[in-house]
Amino acid sequence: MTWVACLTPPGRGALGTLGLFGPRAWDVLRELFRPRHGSLPPSPPAGRFWLGRLGDEVADEVVVAVRRSSPVPWVEVHGHGGPEVLAFLAGLLTGRGLRPCTWQDFLAHTAADPLTAVAAAALAEAPTARTAGVLLDQHAGALGRALAAAVADLDAGRAVCAAGRLDELCRRADLGRHLTRPWRVVVAGAPNVGKSSLVNALAGFRRSVVSPTPGTTRDVVTTRLSVGGWPVELADTAGIRAAGDVLEEAGVHRARRAAASADLCLWVLDASEEPAWPSADAGPCRIVINKTDLPPRWDWPAVPGAVPVCAITGRGLEELWAALAGWLVPEAPPSGAAVPFTEDLARCVEAARGLVRDGASAEARALLAGLLPAGGQPA
Ligand SMILES: Nc1nc2c(ncn2[C@@H]2O[C@H](COP(=O)(O)OP(=O)(O)OP(=O)(O)O)[C@@H](O)[C@H]2O)c(=O)[nH]1
Ligand SMILES: [Mg+2]
């Protein structure tokens, strides 16, 4: 089977790219493409590219680039952008028997090994430059090499070394789970402590309504942020208290649920009012003391680990940003480090570590080798 896929997103732009992969890719291109100079050689030379025209009476000026020549040709056609031109070019190719597929399937067909294919698909979902950087390292083989090293340790009977490698990967599993899916950080606390003001200050715009009337926020209001380069979905919530009316009660219920299921809850206390502490079901909490510009009503500086801020003046926000980045990713991976970069990979690495700890090295080896190309070596 020879496949063709549109590799650029739908929509309008200057350029669009089609990928061709399969035994007939080169022969079909040789029939349809007329290079501006010379002719295409009988077999595709990797790394070469040509400018020319693809089509007959109607034709687009395109660049043909050979990504890989063997064992199966992989070629790209870079033409003009926009859905119609790309549909026209794809139609020329499918008219010669090439089979259309999605760009995700195309990545799976062309990747050197399954991990690279998953990394390429994850890269397209990276929400920040920093997460894209970590994923580029994995695409370049960082995780594959670490897993292969663990497999080699197990093969040589060095279970302690393998366990050490897997421990290191497990410490990065939480980060790996959030490279394409943001951390969910919920701002919660009693009414009127300044939750919405804090969310607005962090977001840099008026996302939530602020008012001096307690019970203003009634719903969960989310906004996307990049905290030290890590993706965060920040949620403002209704002030938690024994609710006054049915509407507020619904808001409080949603707030409790959001706080309980969050990756992290920023529990806001008002420096100028008696503190209302989080209940045990609030999920993992960190304390933020707001309204530190007002005369203190209680001994808030004595709260260990709390971050004092003033949402109105912005004082303490820099420290809160830094603290938040550290809470989410306590140990940022050095450049080139291996990270189990999806939920499935994180689970697999955690399971393998458990097996090695339990003395089941053969099972752990099988689990890890299943992620690598045949022979347990990364490509
Ligand atoms: N002095 C001072 N006032 C603040 C600060 N932060 C918020 N406020 C004021 O406190 C009041 C309540 O602020 P909100 O941000 O609406 O509080 P909230 O916690 O979202 O309130 P609910 O949505 O009702 O639960 C508003 O009048 C804000 O202007 C602060 O740091 N200092
Ligand atoms: Mg509010």
Side-chain angles (χ1 to χ4, degrees), residues 182-225 227 232-325 327:
W183 277 267
R184 294 192 313 114
V185 176
V186 166
V187 178
N192 218 45
V193 294
K195 301 178 295 300
S196 300
S197 305
L198 182 62
V199 165
N200 290 349
L202 291 171
F205 68 104
R206 281 203 60 173
R207 178 71 180 91
S208 288
V209 175
V210 166
S211 97
T213 310
T216 299
T217 305
R218 296 293 175 100
D219 219 331
V220 177
V221 180
T222 59
T223 184
R224 291 283 180 111
L225 302 176
V227 177
V232 165
E233 185 188 80
L234 190 69
D236 185 17
T237 58
I240 294 177
R241 65 174 170 185
D245 58 45
V246 176
L247 205 59
E248 189 176 353
E249 201 174 311
V252 169
H253 179 68
R254 286 180 182 201
R256 284 190 200 283
R257 226 177 29 196
S261 65
D263 293 309
L264 182 69
C265 174
L266 297 181
W267 189 269
V268 184
L269 299 175
D270 184 335
S272 67
E273 295 289 341
E274 284 301 321
W277 297 97
S279 59
D281 62 355
C285 274
R286 300 285 180 164
I287 302 292
V288 177
I289 317 277
N290 190 35
K291 305 198 188 180
T292 52
D293 55 317
L294 296 179
R297 171 72 72 85
W298 55 290
D299 186 19
W300 59 260
V303 181
V307 181
V309 299
C310 172
I312 300 283
T313 63
R315 200 174 66 204
L317 289 184
E318 285 285 332
E319 289 78 1
L320 180 56
W321 279 113
L324 187 50
W327 292 329

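Just so you know, ligand 1 is whichever comes first in the structure, and atom 1 is the first atom listed for that ligand. Heads up: numbering here begins at 1 and tracks the sequence. Here the structure is a predicted model, which means the values were calculated and not measured.
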Applying a heavy-atom cut-off of 4.0 Å, say which part of [X] lies close to ligand 1: side chain, backbone, both or neither.
{"X": "L198", "value": "neither"}
{"X": "P214", "value": "backbone"}
{"X": "S211", "value": "backbone"}
{"X": "N290", "value": "side chain"}

For ligand 1, which atoms, with element, lie under 4.0 Å from some heavy atom of [X]?
{"X": "S197", "value": "6 (N), 7 (C), 13 (O), 14 (P), 15 (O), 28 (C)"}
{"X": "C310", "value": "31 (O)"}
{"X": "S196", "value": "15 (O), 18 (P), 20 (O)"}
{"X": "L294", "value": "1 (N)"}

Is it the case that the side chain of [X] and the backbone of [Y] share a donor-acceptor pair, with hydrogens and angles ignored and the cut-off at 3.5 Å?
{"X": "W321", "Y": "L202", "value": "no"}
{"X": "D263", "Y": "V185", "value": "no"}
{"X": "K195", "Y": "W267", "value": "no"}
{"X": "N290", "Y": "V193", "value": "yes"}

Would you say ligand 1 has an N or O under 3.5 Å from any N or O of [X]?
{"X": "A238", "answer": "no"}
{"X": "P191", "answer": "no"}
{"X": "G239", "answer": "yes"}
{"X": "D293", "answer": "yes"}
{"X": "G215", "answer": "yes"}
{"X": "G194", "answer": "yes"}
{"X": "T237", "answer": "no"}

Over 12 non-hydrogen atoms of neighbours within 6.0 angstrom of CD in E318: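 Not buried by this count: 12 neighbours or fewer within 6.0 Å.
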Heavy-atom check, side chain of T292 versus side chain of W300, under 4.5 Å: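 Yes, their side chains come closer than 4.5 Å.
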Rounded at 0.5 Å granularity, tell me how far [atom1] in [X] sits from [atom2] in [Y].
{"X": "R184", "Y": "E233", "atom1": "CZ", "atom2": "CD", "result": "6.5 Å"}
{"X": "K291", "Y": "I312", "atom1": "NZ", "atom2": "CD1", "result": "8.0 Å"}
{"X": "L269", "Y": "I287", "atom1": "CG", "atom2": "CD1", "result": "5.0 Å"}

Ligand 1 contact by T213, heavy-atom criterion under 4.0 angstrom: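 The answer is yes, since T213 has a heavy atom less than 4.0 Å from ligand 1.
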Atom 5 (C) of ligand 1 - nearest protein heavy atom and its distance: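 Heavy-atom neighbour on the protein nearest atom 5 (C) of ligand 1: I312 CG1, 3.3 Å.
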side-chain contact (heavy atoms from CB on, under 4.5 Å), paired with S208, selected from T216, N200, V187: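 Answer after filtering T216, N200, V187: N200.
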Pair E248 + R241, salt bridge at N-O below 4.0 Å: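 Answer for the salt bridge query: yes.
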Pick from V252, V268, N192: the one approaching atom 12 (C) of ligand 1 most closely through a non-hydrogen atom: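 Among V252, V268, N192, the closest heavy atom to atom 12 (C) of ligand 1 belongs to N192.
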Stepwise side-chain contact (heavy atoms from CB on, under 4.5 Å) test for D236 and R207: CA-CA 9 Å; D236 185 17; R207 178 71 180 91; over 6 Å; no
Metal-centred angle, the Mg ion (ligand 2) as apex - OG of S196, OG1 of T217, 10° resolution: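 It rounds to 90°.
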